[in-house]
Amino acid sequence: MLRLASKKILGLAMSDGQSVSRPAQAVFPRFYHENVIEHYNNPRNVGSFDKNDPNVGTGLVGAPACGDVMKLQIKVDEKTGQIVDARFKTFGCGSAIASSSVATEWVKGKQMQEVLTIKNTEIAKHLSLPPVKLHCSMLAEDAIKAAVKDYEAKRAKSASPEAATVEKTADA
């Protein structure tokens, strides 16, 4: 419904639901940059992993001002520390969905510490977000950081019982 409404506003759909091939710029000024529209219409990496998987870090963040909620998950190769896959689920506007989609694309294949250098300003610049939508890119940055923090906390927690077991065995 939202996609159909946005297509009607942009002049890309007729009232009977059929698409029109003429560009939106000829009819109306662009409200969103083409990168936002592309990632909104064709979001990458939508879905989720099992949050109990020890190789998955989950970041859940929200913006109370607008109601956007973003869940971003990373799957990490425990041997190399490389992020091998990423997924997201976002409840929010087109800019929030596009920011999530871009974030999952950018984290895949990178090391944990490397993804912490991804800044909201880079996401905002890539999507050409207007100032009123910058909070969407901030959510994406926060979600990446939260997912990394969650993964590291899981690793520390799983390492602690093993260390305690080794110590008990050595004492016996």
Side-chain angles (χ1 to χ4, degrees), residues 1-15 17-49 56-77 82-151:
M1 176 98 172
L2 179 60
R3 284 195 176 105
L4 179 60
S6 66
K7 285 181 180 182
K8 281 185 180 182
I9 290 171
L10 293 174
L12 296 174
M14 297 170 56
S15 59
Q18 296 177 350
S19 292
V20 177
S21 61
R22 69 178 181 260
Q25 293 84 359
V27 179
F28 293 105
R30 281 192 307 200
F31 294 108
Y32 286 109
H33 188 271
E34 60 194 34
N35 288 345
V36 174
I37 294 170
E38 173 56 27
H39 277 275
Y40 174 75
N41 285 331
N42 303 300
R44 282 67 154 184
N45 309 306
V46 175
S48 59
F49 299 122
V56 171
T58 302
L60 183 64
V61 295
C66 66
D68 291 347
V69 178
M70 187 178 294
K71 179 176 83 169
L72 187 140
Q73 294 180 300
I74 54 173
K75 184 176 276 191
V76 182
D77 181 331
Q82 183 178 29
I83 297 172
V84 294
D85 205 357
R87 296 278 183 261
F88 81 91
K89 284 189 176 181
T90 296
F91 176 81
C93 65
S95 296
I97 292 167
S99 294
S100 304
S101 178
V102 166
T104 59
E105 285 290 289
W106 286 5
V107 301
K108 289 199 295 187
K110 293 191 174 146
Q111 294 294 319
M112 297 284 286
Q113 295 308 311
E114 191 179 353
V115 300
L116 294 175
T117 64
I118 295 173
K119 300 294 177 205
N120 71 296
T121 52
E122 297 167 333
I123 295 170
K125 185 176 180 180
H126 177 74
L127 294 172
S128 297
L129 295 178
V132 72
K133 293 294 184 179
L134 290 180
H135 68 279
C136 298
S137 63
M138 289 180 208
L139 278 178
E141 179 185 347
D142 292 345
I144 292 168
K145 289 178 179 176
V148 169
K149 185 177 179 181
D150 180 60
Y151 173 77

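Since the structure is predicted, the reported quantities are computational estimates derived from the model, not experimental observations.
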> Could you give the distance from CG (L139) to CG (L60), rounded to the nearest 0.5 Å?
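So the CG of L139 and the CG of L60 are separated by 10.5 Å.
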> Passes side-chain contact (heavy atoms from CB on, under 4.5 Å), C93 versus D68? Steps please.
CA-CA 7 Å; C93 65; D68 291 347; 3.9 Å; yes
> Measuring from S137:OG to L127:CG, what's the distance to the nearest 0.5 Å?
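The OG atom of S137 sits 8.0 Å away from the CG atom of L127.
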> What closest approach, in Å, do I74 and F49 show between heavy atoms, and which atom pair accounts for it?
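Result for this residue pair: C-CE1, 4.4 Å.
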> If I compare all heavy atoms of V102 with all of H126, which pair ends up nearest, and what's the gap?
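Taking V102 first and H126 second, the nearest heavy atoms are CG2-CD2, 3.9 Å.
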> What are the two closest non-hydrogen atoms of A143 and M70, and how far apart are they?
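Looks like CB-SD, 4.0 Å.
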> Could you tell me which non-hydrogen atom of S99 sits nearest to which non-hydrogen atom of A140, and how far apart they are?
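Closest approach of S99 to A140, heavy atoms only: O-CB, 3.8 Å.
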> Determine whether R44 and N42 satisfy the following criterion, side-chain contact (heavy atoms from CB on, under 4.5 Å), listing intermediate values before the conclusion.
CA-CA 6 Å; R44 282 67 154 184; N42 303 300; 4.2 Å; yes
> Please step through side-chain contact (heavy atoms from CB on, under 4.5 Å) for the pair L116 and K145, ending with a clear verdict.
CA-CA 6 Å; L116 294 175; K145 289 178 179 176; 4.0 Å; yes
> I'd like to know if the side chain of S101 and the backbone of I97 have a donor-acceptor N/O pair within less than 3.5 Å.
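Not confirmed, S101 side chain does not pair with I97 backbone.
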> Tell me the closest heavy-atom pair linking I144 and I118, and the distance in Å.
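Looking at all heavy atoms of both residues, the closest pair is CD1-CG2, 4.2 Å.
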> How many angstroms lie between NZ in K75 and NZ in K108, if you round to the nearest 0.5 Å?
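Taking NZ in K75 and NZ in K108, the distance rounds to 12.0 Å.
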> Main chain of G109, side chain of Q82: is a donor-acceptor contact present, judged purely on distance under 3.5 Å?
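Checking the backbone N and O of G109 against the side chain of Q82, a donor-acceptor pair under 3.5 Å is found.
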> For the OG1 atom of T104 and the CD atom of Q73, what is their distance to the nearest 0.5 Å?
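Between T104 OG1 and Q73 CD, I get 11.5 Å after rounding to 0.5 Å.
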> NZ of K119: more than 12 outside heavy atoms within 6.0 angstrom?
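Atom NZ in K119 is crowded, with more than 12 foreign heavy atoms closer than 6.0 Å.
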> Closest heavy-atom contact between I83 and V107?
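Looking at all heavy atoms of both residues, the closest pair is CB-O, 3.6 Å.
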> So, do V46 and F88 sit near enough that their side-chain heavy atoms are less than 4.5 Å apart?
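With C-beta onward as the side chain, the pair touches.
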> To the nearest 0.5 Å, what is the distance between NZ (K89) and CG (L72)?
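It comes to 13.0 Å.
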> I would like to know whether T58 and K71 meet side-chain contact (heavy atoms from CB on, under 4.5 Å); could you show each step before the answer?
CA-CA 7 Å; T58 302; K71 179 176 83 169; 3.9 Å; yes
